[in-house]
Each structure stands twice: as structure tokens, then as C-alpha cells.
Amino acid sequence: MNNQLKIYNTLSGKKEVFEPLVEGRVGMYVCGPTVYSDVHLGNCRTFVSFDVIYRYLLHKGYKVRYVRNITDVGHLEGDIDTGAEDKISKKARLEQLEPMEIAHKYTLGFHQMMDVFNTLSPSIEPRATGHILEQIEMVQKIVDNGFGYVINGSVYFDTVKFAEEKEVYGQLSGRKLDDLLAETRDLKKQDEKRHPSDFAIWIKADPSHLMRWNSPWSIGFPGWHLECSAMSTKYLGSTFDIHGGGGDLKFPHHENEVAQNFGACNCAPARYWMHGNMLLMNGKKMSKSDGNTITPQQLFTGESPHVTKGFTPMAIRFFMLQSHYRSTLDLTDEALKAAEKGYNRLMESYQNLMNLDAVVDSTKENQELNTKIKSLLEQVYHNLDDDFNCPRALASLFELVPVINSLSNKQLDISELNSVVLQSLKDNFRSIIFDIFGLKEEDNPGGENEVTDQLMGLILQLRQQARAEKNWSMADTIRDSLQVAGIEVKDDKDGSSWSLKK
RNA sequence: GGUCGGGUGGCCGAGCGGUUAGGCAGAGGUCUGCAAAACCUUGUACGGCGGUUCGAAUCCGCUCCCGACCUCCA
């Protein structure tokens with residue numbers, strides 16, 4: 001599988017062939033959450049997107065160092081000039097807790113949710129508060145290089161000077177320099193900043209602020225944006241391969257990150273910038289702040305006016321996989337239901353596939369069928385190589401489903417299949433679904449156990465007897481009653497099978 | 001207001017110059033005691049108006065809607 005991987009780079013606005021800095025290795029930094037409240041679904045979509053990207057890079061054999069931060073200080077709410085407050089600090093004050101208790105609580109919740117969605121842990125998950133020293137050093141470098149200025153104990157990044165000298169400011173977010181500079185946010189008043197587009201890299205803490213560290217400039221705390229610049233540099237180097245995050249971070253967060261890195265080391269941080277698109281609900285961005293939101297928990301239980309029933313984490317993950325990471329995805333009840341069925345169909349087909357045994361009979365081998373299977377598998381990887389196009393890859397995978405089910409049904413003779421092709425189909429199908437897409441089999445609600453297994457075996461045996469005696473009313477009564485109890489019975493040529501209804 | 005990105009069949013969602021994307025729902029059929037499942041067949045959709053082209057959902061112009069960013073957000 002040494003096809004060329006192409007990645008859409010926000011910097012150039014084009015798909016580019018991916019060439020890592022160091023052969024065989026990838027350094028990837030993804031902006032993680034600010035842990036001041038429960039994760040919402042939009043976060044989950046972004047991290048699921050990058051999870052698949054991470055998984056596919058691993059699948060291609062890269063040695064990946066995947067760094068995803070936890071922001072637990074510095075993220076301000078409101079405008080700095082009009083009394084901004086750190087999100088964590090604010091929450092801590094409101095709940096009368098230590099800021100670290102807040103950060104810890106929501107970090108745990110975040111991890112649990114990531115686990116529920118079956119995302120792999122990043123290689124390193126650094127926190128902003130654990131890297132104050134690195135951030136102070138970076139501020140110092142920026143000041144030394146003339147791109148920062150100190151006022152009243154706070155340090156600001158000089159965007160005007162930077163823009164004039166470096167010509168990279170605005171490049172990532174596609175903003176025109178003139179527009180940026182012309183911008184007159186009239187929050188005027190006691191503005192410490194020289195220019196509205198300047199941003200704080202070190203903030204002097206007012207007496208009520210709960211998070212404070214000593215620095216050359218004041219007792220204070222680092223600005224938002226800075227933690228990512230400092231930590232990506234620390235763990236991936238001044239320049240690394242991929243930087244990702246949600247699309248809403250392009251500006252100002254990522255733009256400012258680039259500026260800081262340039263300001264500190266005169267080099268670009270990442271070579272490929274990747275941005276996931278927003279999860280919508282009711283056609284609008286899901287957002288904590290305006291209430292257009294549904295929590296993952298509500299989605300699981302169905303306790304929300306936006307859905308008629310609950311959905312399992314894997315059905316939701318599958319739903320996300322069905323759209324491209326760069327497209328918006330509109331969450332609706334109907335779409336979720338469709339995804340759930342599709343997901344179940346895929347998993348059932350996988351089960352069928354695993355139960356197939358090769359029958360070698362070279363006289364019966366069907367060349368066309370074997371070729372079709374091989375080519376569909378190749379298409380899956382081909383699609384993934386094209387900027388991680390999951391919906392297309394999934395489409396190719398789904399074209400294999402009727403083939404597998406026909407073999408399983410004996411509508412197609414298994415001996416038509418070359419045994420090597422069958423083995424490869426099994427191996428690849430499994431690897432694609434579980435290793436790359438990161439899906440997993442979910443336990444049936446209620447679950448089975450040995451006792452129910454035996455009971456059901458007995459019941460089906462009795463029913464089989466009734467059927468043999470053509471006692472259809474008895475057979476149907478049993479089936480209908482089980483149906484009411486939430487157990488589905490299916491008859492096929494070899495007998496009957498049962499499953500808990502999903 | 002500025003800057004981007006969209007409008008695809010009943011729904012979701014790919015594609016972005018010539019090919020059936022795919023999923024779900026619908027219709028017809030095969031199999032089956034019946035049912036379910038599965039399998040087969042089926043849909044001529046690309047906001048509107050012009051233009052370029054042998055050929056446009058895909059390129060260009062105009063127009064109408066919608067969304068995102070510009071302020072905290074993944």
C-alpha cells in the first residue's frame with residue numbers, strides 16, 4: 001500500500017502530496033479542548049476526524065507522534081480590554097473550587113467520552129499549566145526578537161510589526177493584511193494594545209484571578225494561543241508535519257500561533273495545516289454558547305427534543321464517518337437513524353464474512369468475482385489516500401456487502417472464491433472497519449449470557465419441533481411472543497437464529 | 001459591512017467537465033409454510049437565469065437563498 005497520500009493543506013488551499021519531514025515519521029499536533037465544561041458533540045466530531053487520520057497514518061506504517069493538548073489556563077472569556085476572565089478561573093470562582101479541580105473534572109470527562117467514541121489516545125497530552133516555563137521562555141524570545149512589547153506587566157504580540165516584516169500574517173486564514181490593520185474594533189477606551197489585532201501573550205493577573213505564576217513581567221498567566229506554540233515546539237520541534245484542529249480555530253487561534261512561532265524562532269511551525277469542519281444541528285453550528293446543542297449523553301439516551309430515540313456511540317461515529325472531515329455535517333434524527341441501520345448492516349456483514357470458510361475448487365473459481373473484490377478493496381485505500389475520504393472509502397466497502405452476504409446465503413458459491421482472496425478480504429475488511437475507521441462491535445443492550453443462551457436454545461429447539469410437525473400456529477406464537485419480548489427470530493435454511501432487537 | 005464556504009433525488013451525503021458514488025426510505029421481484037433478513041431490479045437529482053464547450057451538477061458571469069469566520073468556541 002505505498003500509494004501517495006494527499007492532504008488538503010489550508011495554507012495553500014490545495015491538496016498536496018504528503019511528504020513528512022523525516023522519512024517514515026509523522027509529527028502531528030491537534031488542538032485539544034479547553035477543560036472548563038463538558039465536551040460537546042462538536043468537539044467529538046473533530047477528534048473523531050483526527051482519530052481516523054491518526055489511525056490511517058499508522059496503518060500506512062508511519063511512526064506517528066500525535067500530540068493533543070489540554071488547555072487548562074489562558075483561555076479568556078470576553079475581551080481582554082473590558083475585563084476578560086480566564087474560563088477555568090471563572091468556573092472555579094463560581095463553583096468555589098480550585099481551578100485544578102475544574103480542569104481535572106472536565107479532563108476526566110473528556111477522556112471518558114473519547115473512550116466511548118473509541119478514539120485512540122494521543123502519544124502525548126500536554127497541559128498548559130504544566131508548561132508555564134516553556135511559555136515564559138517563548139514570550140521572552142518573542143520580546144527579544146522585537147515582536148512583543150510590555151505594558152503594565154502584560155506582554156502583547158505586535159501584529160503590525162510582524163505583518164510588515166514577515167508577510168505571513170493572515171496567510172493561513174486568508175485574511176488580507178489591509179483588512180486586519182484597518183480593523184477598528186471600537187472597544188477603544190483604556191486599550192493597552194497598540195493595535196486592535198495585537199494579542200496578549202502574557203497577562204498580568206488582577207488580584208481576583210485564581211491562577212497566577214511569577215514571570216519577568218508580572219505575576220500573571222500565559223495568553224491563549226501560546227500554549228500550543230510552546231508545546232508543539234517542545235514535543236515536535238520548531239517545524240513539524242501536521243497541525244490540525246477545528247475550522248473555527250483558523251482565526252485567530254492558529255493565525256496567532258503561526259505568528260508566535262515565527263516571532264520566537266523565525267520559522268513556520270507546521271507544514272500541513274488541516275481543519276475539520278463544523279457539526280451542525282438544525283442547519284446551524286452546534287455551539288455551547290447559544291444553546292443550539294445536544295450533549296453526547298442526551299444523544300445516547302434520546303433525552304432531547306432533537307431526537308426521537310437514543311443512538312449508540314458507534315452509530316454516531318459511523319454517522320460522522322459518512323461525511324468528509326472538511327464538510328459540515330448536519331445532525332438530524334432521520335440521518336442518525338439511517339446511519340444506525342447502515343452501521344448495523346456493515347457489522348452484520350462483517351460477522352457473515354468471518355463465518356465463511358474457503359472451499360478450494362480451482363475449476364469453479366470465478367475470475368471476475370475475485371477481481372472485483374480485490375479492486376474494491378484497493379479502492380478503499382485509494383479513497384483514503386485522497387485526503388482521508390472516508391465517505392468514498394465507506395461506499396467502496398459497502399459494495400462488498402452484497403457480495404459477502406450472497407456468499408453467506410449460498411446464493412453465491414463459496415468455491416467461486418479463491419482462498420487467498422477470501423483471506424485477504426477477511427483481513428482487510430477487519431482492518432478497515434476496526435483499525436482505520438475505529439468502529440467496534442457493541443454489546444447488545446441487555447446482553448446475552450449463558451443462561452439466556454441455553455434458554456433460547458431450548459425454546460428454538462421446541463419451536464423447530466413444531467415447525468417440523470407443520471404446527472405453524474405454535475411456531476408463530478413462539479416467534480411473536482419473543483418478538484414482543486424484544487427478541488428477533490430469523491429462520492433460514494439451516495435452522496433459526498435469534499438476536500436481541502436493537 | 002468585510003472575508004470565506006455552501007445550495008445535489010423523500011432524507012443524509014460523495015463527486016467537481018463525459019462514468020451507477022454510497023447509506024436510509026420507497027417501488028417491483030427472487031427465496032421462504034408465513035414473517036424477517038438476505039439477494040436482484042428500479043429512481044435520470046444537481047437553487048434560478050445566461051454563457052463557454054462536441055459535452056456542465058462540475059468552468060465563467062449575473063442572481064436568489066443559507067452557513068461559517070471577523071468576539072469565546074472543535
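Below, each value reflects all heavy atoms present in this structure, side chains not excepted, and no hydrogens, waters or symmetry copies. Letters A, B, ... mirror the listed sequences (proteins, then strands); counts begin at 1.
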_With A/R479 via salt bridge (Lys or Arg N to Asp or Glu O under 4.0 Å) - residues at least two apart_ =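 Expected list: A/D476, A/D491.
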*Identify, with sequence neighbours excluded, every residue that meets salt bridge (Lys or Arg N to Asp or Glu O under 4.0 Å) alongside A/E488.*
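In terms of salt bridge (Lys or Arg N to Asp or Glu O under 4.0 Å), with neighbours along the sequence ignored, A/E488 is linked to no residue.
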What integer distance in Å separates [X]:[atom1] from [N]:[atom2]?
X	N	atom1	atom2	result
A/K250	B/rG2	NZ	P	20 Å
A/E255	B/rA68	CD	P	21 Å
A/I316	B/rA74	CD1	C1'	17 Å
A/H253	B/rC70	NE2	P	13 Å
A/F251	B/rC70	CZ	C1'	7 Å
A/K372	B/rU20	NZ	P	14 Å
A/H254	B/rU3	NE2	P	23 Å
A/L249	B/rA68	CG	P	16 Å

Quantified in whole Å, what is the [atom1] atom distance between nucleotide [N] and nucleotide [M]?
N	M	atom1	answer
B/rU44	B/rG6	C1'	24 Å
B/rC40	B/rC16	C1'	32 Å
B/rA56	B/rU19	C1'	14 Å
B/rU53	B/rC59	C1'	10 Å
B/rG10	B/rG47	P	13 Å
B/rG13	B/rC31	C1'	32 Å
B/rA57	B/rG9	C1'	12 Å
B/rG23	B/rA38	P	12 Å

*Could I get the full list of side-chain contact (heavy atoms from CB on, under 4.5 Å) partners for A/S406, not counting sequence neighbours?*
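Residues passing side-chain contact (heavy atoms from CB on, under 4.5 Å) with A/S406: A/Q411, A/L412.
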Can you list the residues that meet the side-chain hydrogen bond (donor to acceptor under 3.5 Å, both in side chains) rule with [X], with sequence neighbours excluded?
X	result
A/S349	A/N405
A/E125	A/R68, A/H111
A/K285	none
A/R326	A/D387

*When you check the phosphate oxygens OP1 and OP2 of B/rG67, does a side-chain N or O of A/K285 lie under 4.0 Å from one of them?*
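A/K285 to B/rG67 OP1/OP2: no side-chain N or O under 4.0 Å.
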*With sequence neighbours excluded, residues passing ring-ring contact (aromatic ring centres under 6.0 Å, His included) with A/Y54*: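 In terms of ring-ring contact (aromatic ring centres under 6.0 Å, His included), with neighbours along the sequence ignored, A/Y54 is linked to A/Y66.
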*Could you list the residues that satisfy ring-ring contact (aromatic ring centres under 6.0 Å, His included) with A/Y343, not counting sequence neighbours?*
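A/Y343 satisfies ring-ring contact (aromatic ring centres under 6.0 Å, His included) with no other residue.
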*If we require ring centres under 5.5 Å and near-parallel planes under 30°, does A/F47 stack on B/rA74?*
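Stacking is absent between B/rA74 and A/F47, given that the ring centres and planes do not meet under 5.5 Å and under 30°.
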Would you call the rings of [X] and [Y] parallel, tilted or perpendicular, taking 30° and 60° as the class edges?
X	Y	value
A/Y29	A/H243	tilted
A/F199	A/H225	perpendicular
A/F434	A/Y350	perpendicular

_Involving RNA chain B, stems made of at least three consecutive Watson-Crick or G-U pairs, both distances under 3.5 Å_ =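 Listed by first number, the stems are B:1-7 with B:64-70, B:10-12 with B:22-24, B:26-30 with B:38-42, B:47-51 with B:59-63.
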*Does A/H40 make a side-chain donor-acceptor contact with the base of B/rA74, cut-off 3.5 Å?*
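Present.
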*If you take atom types as modelled and just measure distance, does the side chain of A/N277 reach the base of B/rG5 with a donor-acceptor pair under 3.5 Å?*
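Check fails, no donor-acceptor contact within cut-off.
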*5' priority, RNA chain B, between A/K87 and A/A475 [closest heavy atom]*: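 Looking at the nearest nucleotide for each, A/A475 comes out on the 5' side.
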_Within the 4.0 Å limit for protein heavy atoms, which parts of nucleotides 10-16 of chain B are touched? Write it as a string from 5' to 3', B for base, S for sugar-phosphate only, - for none._
-SSSSS-
*How does protein reach along nucleotides 35-41 of chain B, written 5' to 3' as B (base within reach of a heavy atom under 4.0 Å), S (only sugar-phosphate), or - (no contact)?*
BBSSSS-
*asked:* Less than 6.0 angstrom separating the ring centers of A/F300 and A/F311, yes or no?
replied: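 No, the ring of A/F300 stays outside the 6.0 Å limit from the ring of A/F311, centre to centre.
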*At under 4.0 Å between heavy atoms, what does A/G276 touch on the DNA or RNA strands: base, sugar-phosphate, or nothing?*
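A/G276: no heavy atom of the nucleic acid under 4.0 Å.
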*Have a look at A/K284 and say if it touches a base, only the backbone sugar-phosphate, or nothing, with a 4.0 Å heavy-atom cut-off.*
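Here A/K284 touches the backbone only, sparing every base.
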